[in-house]
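This report refers to the structure that appears directly beneath it.
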Amino acid sequence: MPNTDRLTDSQREAIDTLTAAPQYAGASKLRIFMQLPAKHKAAYFREHFLVPCIAAVIVIALCTFVIVRIVSPRERPALYAAVVDSSLPLGEATKLEQCTEHELGADVIVDDYFDTTKDGISKLQTMISSEQIDVVIAPPTVFKELASYGYFSNLHEALPAAEYGQLHAYTQDFRGFDDSQLADDVDDSGSGKGAAEPYGLKLERAGEWHRYADGSDALVGIVANTKQQANAQRFIDYLYH
């Protein structure tokens, strides 16, 4: 043990410093932060609190966004028209959307981002299943495929009698979905096994349609599970008047 009587004052002070317990031993980071001199607080905050605080803000913001979307979901448009495989020339969907909104006096979406060479069919199936789409405009081959899945309403039943009478000449029959006679084969399907019914209307005879897509051979059909059937009827009536 060193003889402290022979130590200088500065040596004694150094020994006391080394043998003393750390100033903030056992204290929480928050308590340490509160007790630090002002000039050291910023550096300590950056080292110990900045990243957790940013993470907490992000989590709170995401939770708030989810809660707001659940409590106040986006209002559904009065009509959602899906346009498949460039049945409308580039930029014409926006024009049709604006004119239809004016005609219906309500919000309308004309969505032409359905490309069956990519994910167009799966996107359509998902949105139709969730009741987001009211009418579909598609080329004959794609329309036939969609009709075979049972996605369209029989226009004889979906349109008012007077309107159907005027448009009957422009209808086209397609075989729908029927799984009542399926065998036990797991690969068997009811697609295209239903009776041929008027699911589509040829747009080549629709006067208003030619303002946007002259020469198009596309067809339009009303989605079977739509909750906006009246607006779908008005949309078709607008295209043919």
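Small disclaimer: the values here were computed from a predicted structure and weren't measured.
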Given side-chain contact (heavy atoms from CB on, under 4.5 Å), test Val84 with Leu124 step by step and report yes or no.
CA-CA 9 Å; Val84 184; Leu124 270 169; 3.7 Å; yes
Apply side-chain contact (heavy atoms from CB on, under 4.5 Å) to Leu146 and Val142, showing your working.
CA-CA 6 Å; Leu146 295 174; Val142 178; 4.1 Å; yes
If you apply the rule side-chain contact (heavy atoms from CB on, under 4.5 Å), what do you find for Leu219 with Leu201, and how did you get there?
CA-CA 5 Å; Leu219 297 103; Leu201 277 166; over 6 Å; no
List the steps, then state whether side-chain contact (heavy atoms from CB on, under 4.5 Å) holds for Glu131 with Lys227.
CA-CA 8 Å; Glu131 300 180 353; Lys227 297 296 191 295; 2.9 Å; yes
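Asp112 meets the side-chain hydrogen bond (donor to acceptor under 3.5 Å, both in side chains) test with no other residue; sequence neighbours excluded. With sequence neighbours excluded, the residues satisfying side-chain hydrogen bond (donor to acceptor under 3.5 Å, both in side chains) with Ser130 are Gln132. Applying the ring-ring contact (aromatic ring centres under 6.0 Å, His included) test to Phe143 and every residue at least two apart in sequence or in another chain returns Phe152, Phe174. Residues forming a side-chain contact (heavy atoms from CB on, under 4.5 Å) with Ala78 (at least two apart in sequence, or on another chain): Ala106, Asn231. A search for salt bridge (charged side-chain N to carboxylate O under 4.0 Å, His left out) contacts involving Asp111 returns Lys123, not counting sequence neighbours. In this view, Thr226 and Asp134, Ile222, Gln228, Gln229 satisfy the side-chain contact (heavy atoms from CB on, under 4.5 Å) rule, not counting sequence neighbours. Taking the side-chain hydrogen bond (donor to acceptor under 3.5 Å, both in side chains) definition, one finds that Glu145 meets it with Tyr149, sequence neighbours left out. With sequence neighbours left out, Ile54 forms a side-chain contact (heavy atoms from CB on, under 4.5 Å) with Leu50, Ile58.
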Which donor-acceptor pairs under 3.5 Å do side chains of residues 234-241 form with protein atoms, sequence neighbours excluded?
{"residue": "Arg234", "atom": "NH2", "partner": "Glu103", "partner atom": "O", "Å": "3.4"}
{"residue": "Arg234", "atom": "NH2", "partner": "Leu104", "partner atom": "O", "Å": "3.4"}
{"residue": "Tyr238", "atom": "OH", "partner": "Glu208", "partner atom": "OE2", "Å": "3.1"}
{"residue": "Tyr238", "atom": "OH", "partner": "Tyr212", "partner atom": "OH", "Å": "2.9"}
{"residue": "Tyr240", "atom": "OH", "partner": "Lys202", "partner atom": "O", "Å": "2.6"}
{"residue": "His241", "atom": "ND1", "partner": "Tyr238", "partner atom": "O", "Å": "3.4"}

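Note on residues 86-99: pairs passing side-chain hydrogen bond (donor to acceptor under 3.5 Å, both in side chains), not counting sequence neighbours, are Glu92-Lys95. Evaluation of the side-chain hydrogen bond (donor to acceptor under 3.5 Å, both in side chains) test over residues 167-177, restricted to residues two or more places apart or in two chains, returns none. Pairs passing the salt bridge (Lys or Arg N to Asp or Glu O under 4.0 Å) check and including a residue from residues 151-164, sequence neighbours excluded, do not occur.
Here the CG atom belonging to Leu203 is positioned 8.0 Å from the NE2 atom belonging to His210, to the nearest 0.5 angstrom. Rounding to the nearest 0.5 Å gives a distance of 8.0 Å between CD1 of Ile109 and CG of Asp107. Going from atom CD1 of Ile133 over to atom CE of Met127 covers 4.5 Å, rounded to the nearest 0.5 Å.
Surrounding CG of Leu90 are at most 12 heavy atoms belonging to other residues, nucleotides or ligands under 6.0 Å away.
Contact check for Leu155 versus Tyr164: side-chain heavy atoms found under the 4.5 Å cut-off. Looking at Val108 and Val110, their side chains come closer than 4.5 Å, going by heavy atoms from C-beta outward.
Val83 and Val223 fall into different hydrophobic clusters, where Ile, Leu, Val, Met, Phe, Trp and Tyr are joined by side-chain heavy atoms under 4.5 Å apart, directly or via other members. In this structure, Ile121 is not a member of the same hydrophobic cluster as Val220, with clusters built from ILVMFWY side-chain heavy atoms closer than 4.5 Å.
Checked by atom type and distance alone, the side chain of Asn225 pairs as donor or acceptor with a backbone atom of Ile128 at under 3.5 Å. A distance-only check finds no donor-acceptor pair linking the side chain of Gln233 to the backbone of Leu159 [under 3.5 Å].
Tyr80 approaches Pro77 most closely through the heavy-atom pair CD1-CG, 4.2 Å. Taking each heavy atom of Ala93 and Leu88 in turn, the nearest pair found is CA-CD1, 3.8 Å. Of all heavy-atom pairs between Phe114 and Ala82, the closest is CE1-CB, 3.6 Å. Considering every non-hydrogen atom in both Ile137 and Ala218, the closest pair reads CG2-CB, 3.9 Å.
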